[in-house]
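Order of the sequence lines sets the chain letters (A, B, ...), proteins ahead of strands, with each chain counted from 1.
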Protein chains: 2
Amino acid sequence: MLNSPAPLDLVFQALADPTRRIMVERLSRGPASVSELAKPLSMSLSAVVQHLQVLETSGLVRSEKVGRVRTCQIEPATLQNAEAWINQRRALWERRFDRLGDDLATQNDDGDPTDSK
Amino acid sequence: MLNSPAPLDLVFQALADPTRRIMVERLSRGPASVSELAKPLSMSLSAVVQHLQVLETSGLVRSEKVGRVRTCQIEPATLQNAEAWINQRRALWERRFDRLGDDLATQNDDGDPTDSK
DNA sequence: CGGACTGTTAAGCATATGCTTAAGTATCAC
DNA sequence: GTGATACTTAAGCATATGCTTAACAGTCCG
């Protein structure tokens with residue numbers, strides 16, 4: 001039991017910050033050290049480390065230290081969980097829209113294609 | 001273009017709260033009034049209204065008042081924006097994994113397996 | 001060894017967030 | 001009009017968040 005089930009709360013919370021999204025974007029292109037992550041960001045290294053901790057707690061990022069360098073990488077499964085949640089909601093509302101379409105069709109049933117675009 | 005581009009910050013921030021995700025889930029199944037949204041939630045109506053404001057500010061929910069009832073519905077496009085962001089990151093890391101596979105294949109290509117461990 | 005490099009940790013601070021209670025406003029139903 | 005219904009708004013409060021600076025701790029290099 002190394003890592004927690006990474007609740008959606010923490011994942012979305014982590015993604016809510018633009019700095020952290022930049023870090024995730026960078027890591028989507030490949031692993032990076034802490035200072036590489038910090039390079040494009042205009043804030044102290046300390047702040048970057050704190051953002052990194054949020055990302056790791058959320059399960060979005062995993063890191064390992066070798067020598068004096070900590071190398072970070074994304075954990076795709078976690079991002080996919082977030083995506084999956086959104087997908088499931090979409091399934092609900094799309095189902096609803098389909099039924100709505102059926103109802104309209106039923107109402108207009110005797111062939112008059114009102115919105116023929 | 002009535003409203004602002006609904007920055008991802010606000011969308012992910014809105015989704016970070018479990019109460020608000022319950023509300024979004026409910027609205028994915030169809031429109032609801034404020035008190036209908038509040039029914040499954042163990043907090044004051046006032047708190048629910050405040051959550052609703054967060055959802056509306058994020059662009060995830062739209063609402064309209066008729067008589068004394070405010071009816072709320074989801075705004076699918078906004079959720080899809082969030083999904084799209086995740087999808088785009090995935091495109092990046094998948095591309096990377098593909099190249100990684102290529103490299104491994106190339107390295108092992110012409111038969112001299114010097115360190116076959 | 002000594003210094004540069006790469007983080008790490010702690011303290012402090014301003015602002016944001018998620019509630020609460022309490023008081024108010026605008027329907028609707030009789 | 002009276003009362004119930006359905007929010008709405010404001011104030012207050014505890015905790016969380018996003019930084020900062022400053023001091024500390026390993027690691028590598030000559």
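Counting to the nearest Å, the C1' atom of C:dT9 and the CG atom of A:Leu52 are 14 Å from each other. Following rounding to the nearest Å, B:Lys39 (NZ) and D:dA6 (P) show an atom-to-atom distance of 9 Å. The CG-C1' distance, from B:Leu41 to C:dT20, rounds to 16 Å in whole Å. Atom NE2 of A:His51 and atom P of C:dT8 are 15 Å apart (whole Å). Computed from coordinates, the A:Gln13 CD to D:dG18 C1' distance equals 11 Å when rounded to whole Å. Counting to the nearest Å, the C1' atom of C:dG24 and the CG atom of B:Leu45 are 14 Å from each other. In this structure, CZ of B:Arg70 is placed 21 Å from P of D:dT5, rounded to the nearest angstrom. A straight line from CD of A:Glu64 to C1' of D:dT27 spans 16 Å, rounded to a whole angstrom.
Distance from the side chain of A:Gln53 is smallest for C:dT9 among the nucleotides C:dT6, C:dT9, D:dG18. With distances taken from any side-chain atom of A:Ala47 to the nucleotides C:dC19, D:dA6, D:dT20, the minimum falls on D:dT20. Side-chain atoms of A:Met43 lie closest to D:dT20 of the nucleotides C:dT20, D:dT20, D:dT9.
Of all heavy-atom pairs spanning A:Ile74 and A:Ser28, the tightest one is CD1-CA, 3.8 Å. Summarising the geometry of A:Gly59 relative to A:Thr78, their closest heavy-atom pair is O-OG1, 2.7 Å, with the distance given to 0.1 Å.
The shortest distance between the side-chain N/O atoms of A:Ser44 and the OP1/OP2 oxygens of D:dT20 is below 4.0 Å. At D:dT8, one or more side-chain N or O atoms of B:Lys65 fall inside 4.0 Å of OP1 or OP2 (strictly under the cut-off).
No hydrogens or angles were tested; on distance alone, nothing pairs the side chain of B:Arg68 with the base of D:dC7 as donor and acceptor under 3.5 Å. Residue-to-nucleotide contacts include a donor-acceptor pair under 3.5 Å from the side chain of B:Gln50 to the base of C:dT20.
A:Gln50 places none of its side-chain heavy atoms less than 4.5 Å from the side chain of A:Val54. Side-chain atoms of A:Ser58 and A:Gln13, non-hydrogen and from C-beta on, never get closer than 4.5 Å to each other.
The nearest heavy atom of DNA chain D to A:Ser42 and to B:Thr71 marks one nucleotide each, and the one closer to the 5' end goes with B:Thr71.
Within 4.0 Å (heavy atoms only), B:Ser46 reaches at least one base atom of the nucleic acid.
Both A:Trp85 and A:Trp93 sit in one connected hydrophobic cluster of ILVMFWY residues. Membership requires side-chain heavy atoms under 4.5 Å apart, directly or through other members.
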